[in-house]
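Here is the structure we will look at, set down as structure tokens.
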Number of protein chains: 2
Amino acid sequence: MSAGEQRGRKPRADVQRNRAALLETAQRHFLQHGVGTSLEAVAKEAGVGPGTLYRHFPTREALLAAVLQTRSEELVARQADIDQLDDPAEALEQWLRAMEEYFSAFSGLPDPLMAAARAQEPDNPLTIPCDILISATDQYVRAAQLAGRVRASVRGNDLFLAACSVAWIKGTGTEEESLDRLRMLIASGYRQQDTRA
Amino acid sequence: MSAGEQRGRKPRADVQRNRAALLETAQRHFLQHGVGTSLEAVAKEAGVGPGTLYRHFPTREALLAAVLQTRSEELVARQADIDQLDDPAEALEQWLRAMEEYFSAFSGLPDPLMAAARAQEPDNPLTIPCDILISATDQYVRAAQLAGRVRASVRGNDLFLAACSVAWIKGTGTEEESLDRLRMLIASGYRQQDTRA
DNA sequence: CATCAAAACGGATGCTGCCTCCGTACACAC
DNA sequence: GTGTGTACGGAGGCAGCATCCGTTTTGATG
């Protein structure tokens, strides 16, 4: 019985090769043309037929989620660094920045991401990552609240939405200066003002 | 010389009829299916061919801008009410709410709107409305700042972006409760805290 | 009322992208 | 070398965009 080794029986070679080629090409196209890029073009450039692409990734979201996996790991890595920080307010701030950059990896990414965040459908491959991000944000928020650096009324979800918004605006081509001003506005919104007179 | 009456010579009847039908139908479709709705379907339901639609409105944005014209007038009407208010902070708040509702008239509207806001192309029919909104916002901001109710660092453009963001998130189907929390966050960001101890 | 020219119509058309289905070819096991 | 099941890939059907041009409608004119 070969049940113990690898489930089923055999991981084929060309499958992995094609999958890798697709992911690599897809990432490039997402970067250059946004999440709405032509999947046919991706398949062609990866040297496979459309059918192969759709067998590996049945929907655009599935492909997107797979490509995002890599970035997601980078985010987790950054999280480790952030957790080392002493100042919980600083940690929250850096975490928000990291999320924002993650969200704006590709132009147009925030839309499917938000769609996934609200969706109940458990088959949406983007839903799970979103949930993780929201609860992680909540962690940082609570820590900063315990230190009295963030308003008590703020929730992780609120700042998740805010980060998403900034990423969305960034994706529309707004100048960096306006973005910075918006970030400041949001920061003023969640920071606990010094209660001393 | 008929130059004085109407410029050129004659406004044809069917033109106005078709234009009106197109606008009416387009508004319905934008409401039901968002700004990405099929223009072919709009044409067919309005009882005209695709060619006619494209002659009247060469681009999707042109059609959108024309439909928005109506809403735009409602906004101006509300502006008149708002200007009557004594409290400039209250006026700003209501203005932001009015803008937000305007932006979320159709799902997907914020995207082309932001694209227009940054664009230099003067042929984009949405660009002009955006400029007007931004400077109007700036007016309200300045008034509230003079009354000491809004941080000095805030600009009209910042709150324009914020309103756009909220409208965008609203369009993604987020629950009203989360939206309210986000609005609060933003409000905390621009309001001037009472400087008394 | 008849006629005319300009203006507007509208659908046929070509194109791109999505997604599926199925005959074929390949990879691995024996 | 042979067989079997898995994966391939491209042809094809569909929908939407945008254009072009022969035909119809409209208002002006005598």
Side-chain angles (χ1 to χ4, degrees), chain A residues 1-26 29-30 32-66 108 111-112 115 123-125, chain B residues 1-26 29-30 32-66 108 111-112 115 123-125:
Chain A
M1 285 191 290
S2 56
E5 279 261 310
Q6 290 149 348
R7 56 174 159 168
R9 228 159 96 200
K10 43 184 173 181
R12 242 169 94 159
D14 51 349
V15 171
Q16 293 177 309
R17 191 156 33 83
N18 283 333
R19 184 185 159 89
L22 280 169
L23 284 176
E24 201 277 331
T25 310
H29 279 240
F30 282 148
Q32 287 178 11
H33 311 294
V35 295
T37 194
S38 160
L39 297 188
E40 260 187 346
V42 170
K44 190 187 292 185
E45 197 177 309
V48 306
T52 299
L53 189 153
Y54 283 102
R55 194 169 334 98
H56 280 272
F57 309 102
T59 69
R60 184 181 294 271
E61 278 93 35
L63 178 56
L64 194 52
D111 291 81
D123 53 347
N124 185 326
Chain B
M1 287 191 288
S2 56
E5 279 259 310
Q6 291 149 348
R7 57 171 159 168
R9 233 161 94 200
K10 43 181 173 181
R12 244 170 92 156
D14 50 351
V15 170
Q16 295 177 308
R17 191 156 32 83
N18 284 332
R19 185 185 158 90
L22 280 169
L23 284 176
E24 201 277 330
T25 310
H29 278 240
F30 282 149
Q32 286 178 11
H33 312 295
V35 296
T37 194
S38 158
L39 296 188
E40 261 186 347
V42 170
K44 188 187 292 185
E45 196 177 309
V48 305
T52 299
L53 187 152
Y54 283 102
R55 193 169 335 98
H56 280 272
F57 309 102
T59 68
R60 183 180 295 270
E61 277 92 36
L63 177 56
L64 194 52
D111 291 81
D123 52 348
N124 185 326

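Below, chains carry the letters A, B, ... as their sequence lines are ordered, and counting in each starts from 1.
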Roughly how far, to the nearest 0.5 Å, is the CD atom of B:Gln16 from the NE2 atom of B:His56? 10.0 Å

In whole angstroms, how far is the P atom of C:dC18 from the NE2 atom of A:His29? 12 Å

Extract all donor-acceptor atom pairs below 3.5 Å that involve side chains of residues 57-66 of chain B and protein atoms in other chains or at least two apart in sequence.
| unit_1 | atom_1 | unit_2 | atom_2 | d |
| --- | --- | --- | --- | --- |
| B:Thr59 | OG1 | B:Glu61 | N | 3.3 |
| B:Thr59 | OG1 | B:Ala62 | N | 3.0 |
| B:Arg60 | NH1 | B:Val35 | O | 2.9 |
| B:Arg60 | NH1 | B:Thr37 | O | 2.8 |
| B:Arg60 | NH2 | B:Thr37 | O | 3.4 |

Rounded distance in Å - CZ (B:Phe57) to C1' (D:dT19): 18 Å

State which residues pass salt bridge (Lys or Arg N to Asp or Glu O under 4.0 Å) with B:Arg12; sequence neighbours excluded, sorted by chain then number. B:Asp14

Could you tell me how far apart B:Gln16 (CD) and D:dT26 (C1') are, to the nearest whole angstrom? 13 Å

Is there a side-chain contact between B:Asn18 and the phosphate of C:dA8, meaning an N or O under 4.0 Å from OP1 or OP2? no

d(CG, B:Leu53; C1', D:dG16) in whole Å: 13 Å

Taking only N/O atoms, report every protein-nucleotides 2-5 of chain C pair under 3.5 Å with atom names and distance.
none

Evaluate the criterion side-chain contact (heavy atoms from CB on, under 4.5 Å) for residue pair A:Leu53 and A:Glu40; output intermediate values, then yes/no. CA-CA 9 Å; A:Leu53 189 153; A:Glu40 260 187 346; over 6 Å; no

Answer yes or no: does a side-chain N or O of A:His56 lie under 4.0 Å from OP1 or OP2 of D:dC8? yes

Using side-chain heavy atoms (C-beta onward) and a distance below 4.5 Å, is A:Leu39 in contact with A:Tyr54? yes

Identify, residue by residue, the members of residues 37-48 of chain A with a heavy atom below 4.0 Å from DNA chain D, and return them in order of residue number, or none. A:Val48

Atom of A:Ala46, atom of A:Leu22 and distance for their closest heavy-atom approach: CB-CD2, 3.8 Å

Between protein and nucleotides 21-27 of chain C, what N or O pairs are separated by less than 3.5 Å?
none

Measure across B:Ala43 and B:Gly49 and return the closest heavy-atom pair with its distance rounded to 0.1 Å. CB-O, 4.0 Å

My understanding is that only residues two or more places apart in sequence, or in another chain, count here; which of them pass side chain to side chain donor-acceptor pair (under 3.5 Å) with B:Glu45? B:Arg28, B:His29

